[in-house]
**Student:** 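Mind looking over this structure? Questions follow.
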Amino acid sequence: MSVLDAPITAAAPAAPTTGLTPVFVRLKLTLLRNGLRQSSGRKAAYIASLVFTLLLAAGQVLGLVLLRGNAQAGTVVVLLTAVVALGWAVLPLFFPSGDDTLDPTRLVMLPLRPRPLVRALLVSSMIGIGPLFTLCLAVGSVLALAHGPAGVLFAVVAVPLTLLLCVALSRAVATANVRLLNSRKGRDLAVLSGLVIAVGIQFVNFGAQRLGEAGGLSTLEPAGNVARWLPGASAIAAVDAASDGAYGVAVLQLLITVAALGALVWLWQRGLVKLMTAPDGSTLAAAEPTRKESGRTGLSALLPEGRTATVVHRSLLYIARDPKTKAAWVTALAIGAIVPLINALQGTGSIYFACFAAGMLGMQMYNQFGQDTSAFWMVALTISSTRDAYVELRARALALLLITLPYTVLVCVATAALLGSWQALPGVLGISFALLGAMLAIGAVASALFPYSIPQEGAFKNVAPGQGGLAWISILGGMLAAPVLAGPVIALTVWLHIADRQDALWLVIPAGAVFGALIGWAGLRIAAPRTANRLPEILTAVSKG
């Protein structure tokens, strides 16, 4: 529901500015209520999210209260508050559709003044699951730190200041980037949000393990001393300082938060005025004629003219421009490097974890035609024989290899450098080449036998309803079959290690490369006739989304 559909469209012109805040509060509640009325699934998801947040918040408050009296309580609480404030700053960039009121351009046609509008939006933004969680964090933080009358007094001021700062920070960032969030690049950013979270979790896990090895919470003190003077956590740090009797430091830290809040509100107001009065590119005539793109660029320009070069160029364009394809590739590239490198940094991993990179990237060969969605009909029109299907699949595999081969080598070399296992590097490279060839072969066959549609409307919908079974069969079957197909190269590497012939491991590189090329070629040959014969079924399957 758009805010222009709400009752405020009739009441706003006549309402005095002093009454704008309660009107926006009612508007926010109306939007929330009407959104939950749309479907029982949305209502269930919201209730489940609310219950989960309340349970998490209760556990968080309990844990913070248990920290009361601990020598490191101030450091932990301050860092936790700083992380939450950082989350308020970045989450609007990744989840712009989470709150309809984050887009102030919906209010452009209403006769509203900037200051009352900012005040009304700030107050109405306090309604929601995020503010509730942040409020619980702030309350638990001051309960862990406040001692004595001075600490309690500063705590009463610090809690609302922290909440206001987080909300104002979120609003200012969202307003400054609202046009980006509504563009194709913004949708790409939203699609990649899951990757950012996944990568962040890996680094948090690595940091937690390092923290345990380094001697506990005391190692956080340097970072905590810096965070105490940052606006996101300085108000909570002021409670700790006041409880210790450092009243001058406490007042200064509190003033940092107040000054930051004032600056954010001013920047937010300025951004609102600019956003709601300045025209954007869609309302202006183009100053220069649009530049026509050349036919082929980059790596595909090195290929000879023909179907192969055209398909390679198209595949590379999908990777660069299509949000879903880009998200899948970036996820594979990131996770494929994180798993071996993080384990290597911890000193507990094996160099053979680097083969994970080849496996992750090889999965991009699966569901090749589903990536085209309904546009596959144009490709299907050009396939009239088994030869056409073979060239199409071969070109798609070549486009994948242009990225995966150098990347796989890079990850293997980096893992070997971190672990110092240069002697085992040839075995890892050979197995990676064989595994990549097996994944290409299985992916080509699976693309012909188990195609499925990839919906375009949702950032996290990767399979059309009713086709989940096809996706699981394709992916899980390939993950289980690829090591079996690459078994001869794996067996050769194991035998060389058992026979203590590490000096001969270099033979695994050409063996893996040749075997991978042969098994990949065989897979393409098997998949080509099936693709040519099943074009109508493939077209129907990939067009369902």
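Given the structure is predicted, the values throughout are model-derived calculations rather than measurements. Just so you know, these numbers use all the heavy atoms, side chains as well, and skip hydrogens, waters and symmetry mates.
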**Student:** Mind checking whether Thr134 and Val167 have side chains closer than 4.5 Å, heavy atoms only?
**Tutor:**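 Answer no - side chains too far apart.
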**Student:** Can a donor-acceptor pair be found between the side chains of Ser432 and Thr408 at a distance below 3.5 Å?
**Tutor:** no
**Student:** Measure the shortest side-chain to side-chain distance between Trp329 and Leu361 over non-hydrogen atoms and say whether it is less than 4.5 angstrom.
**Tutor:**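 Answer yes - side chains close enough.
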**Student:** Given 3.5 Å as the limit, does a donor-acceptor pair link the side chain of Tyr407 with the main chain of Ala337, or not?
**Tutor:** yes
**Student:** I'd like to know whether Val123 forms a side-chain contact (heavy atoms from CB on, under 4.5 Å) with Phe24, so could you lay out the CA-CA distance, the side-chain angles of the two residues, the decisive distance to 0.1 Å, and finally the verdict.
**Tutor:** CA-CA 8 Å; Val123 175; Phe24 266 69; over 6 Å; no
**Student:** Which pair of non-hydrogen atoms, one from Pro131 and one from Ser125, has the smallest distance, and what is that distance?
**Tutor:** CG-O, 3.2 Å
**Student:** Which heavy-atom pair separates Ala73 from Leu67 by the least distance, and what is that distance?
**Tutor:**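 Looks like CB-O, 3.3 Å.
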**Student:** With rounding to the nearest 0.5 angstrom, report the CE to CG distance, Met365 to Leu436.
**Tutor:** 10.5 Å
**Student:** What is the distance from atom CG of Leu165 to atom CG of Leu261, rounded to the nearest 0.5 Å?
**Tutor:**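 Between Leu165 CG and Leu261 CG, I get 6.0 Å after rounding to 0.5 Å.
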**Student:** I'd like to know whether Leu137 forms a side-chain contact (heavy atoms from CB on, under 4.5 Å) with Gln60, so could you lay out the CA-CA distance, the side-chain angles of the two residues, the decisive distance to 0.1 Å, and finally the verdict.
**Tutor:** CA-CA 7 Å; Leu137 168 71; Gln60 174 184 257; 3.4 Å; yes
**Student:** How long is the span from the CG atom in Leu20 to the CZ atom in Arg119, to the nearest 0.5 Å?
**Tutor:**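 Between Leu20 CG and Arg119 CZ, I get 8.0 Å after rounding to 0.5 Å.
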**Student:** With side-chain contact (heavy atoms from CB on, under 4.5 Å) as the criterion, how do Leu341 and Phe353 come out once you've worked through the C-alpha distance, each side chain's angles and the decisive distance to 0.1 Å?
**Tutor:** CA-CA 9 Å; Leu341 295 182; Phe353 278 15; over 6 Å; no
**Student:** Looking only at atom types and distance, does a side-chain atom of Arg68 sit under 3.5 Å from a main-chain N or O of Leu143, one as donor and one as acceptor?
**Tutor:**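 Yes, because the side chain of Arg68 sits within donor-acceptor range (under 3.5 Å) of the backbone of Leu143.
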**Student:** Would a 4.5 Å heavy-atom cut-off, applied to side chains only, mark Ser124 and Leu27 as touching?
**Tutor:** no
**Student:** Compare every heavy atom of Val78 with every heavy atom of Ala233, then report the nearest pair and how far apart it is.
**Tutor:**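 The answer is CB-O, 3.4 Å.
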**Student:** Tell me whether Thr257 contacts the main-chain N or O of Ala235 through its side chain, where contact means a donor paired with an acceptor under 3.5 Å.
**Tutor:**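 Yes; at least one donor-acceptor contact below 3.5 Å.
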**Student:** Ignoring hydrogens, what is the shortest heavy-atom contact between Val239 and Ala158? Give both atom names and the distance.
**Tutor:**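 Reported closest heavy-atom pair: CG2-CB, 3.7 Å.
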**Student:** Is there a side-chain contact between Arg26 and Val23, using heavy atoms and a 4.5 Å cut-off?
**Tutor:**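 Counting from C-beta outward, Arg26 and Val23 do come under 4.5 Å.
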**Student:** Can you list the steps and then say if Leu64 with Leu80 is a side-chain contact (heavy atoms from CB on, under 4.5 Å)?
**Tutor:** CA-CA 10 Å; Leu64 290 173; Leu80 180 61; 4.1 Å; yes
**Student:** Can a donor-acceptor pair be found, under 3.5 Å and without considering hydrogens, that links the side chain of Ser170 to the backbone of Cys166?
**Tutor:**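 The answer is no, because no donor-acceptor pair under 3.5 Å joins these two groups.
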**Student:** For the residue pair Asn225 and Thr75, establish whether any side-chain heavy-atom pair is separated by less than 4.5 Å.
**Tutor:** no
**Student:** With heavy-atom distances below 4.5 Å as the criterion, would you say the side chains of Phe154 and Asp240 are in contact?
**Tutor:** no
**Student:** Is Lys28 reaching over with its side chain to a backbone N or O of Ile127, donor-acceptor style, under 3.5 angstrom?
**Tutor:** yes
**Student:** Measuring from atom SG of Cys412 to atom CD1 of Ile351, what distance do you get when rounded to the nearest 0.5 angstrom?
**Tutor:**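 Between Cys412 SG and Ile351 CD1, I get 7.0 Å after rounding to 0.5 Å.
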**Student:** Would you say Ser234 and Arg228 are linked by a side-chain donor-acceptor pair, where the criterion is simply a distance under 3.5 Å?
**Tutor:** no
**Student:** Between the main-chain N or O of His147 and the side-chain N or O of Ser243, is there a donor-acceptor pair closer than 3.5 Å?
**Tutor:** yes
**Student:** Rounded to the nearest 0.5 Å, what separates atom CD in Gln364 from atom CG in Leu333?
**Tutor:** 8.0 Å
**Student:** Let me confirm one number: the CG-CD1 distance from Leu161 to Ile236, rounded to the nearest 0.5 Å.
**Tutor:** 9.5 Å
**Student:** For Cys136 versus Val61, what's the shortest heavy-atom pair and its separation?
**Tutor:** O-CG2, 3.4 Å
**Student:** Output yes when a side-chain donor or acceptor of Thr415 lies under 3.5 Å from a complementary backbone atom of Pro340, and no otherwise.
**Tutor:** no
**Student:** Is any side-chain heavy atom of Val411 closer than 4.5 Å to a side-chain heavy atom of Phe356?
**Tutor:** no
**Student:** Do Leu54 and Leu132 touch side chain to side chain, with heavy atoms closer than 4.5 Å?
**Tutor:**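 Counting from C-beta outward, Leu54 and Leu132 do come under 4.5 Å.
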**Student:** What are the two closest non-hydrogen atoms of Ala354 and Val428, and how far apart are they?
**Tutor:**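 So the two residues come closest at CB-CG1, 3.8 Å.
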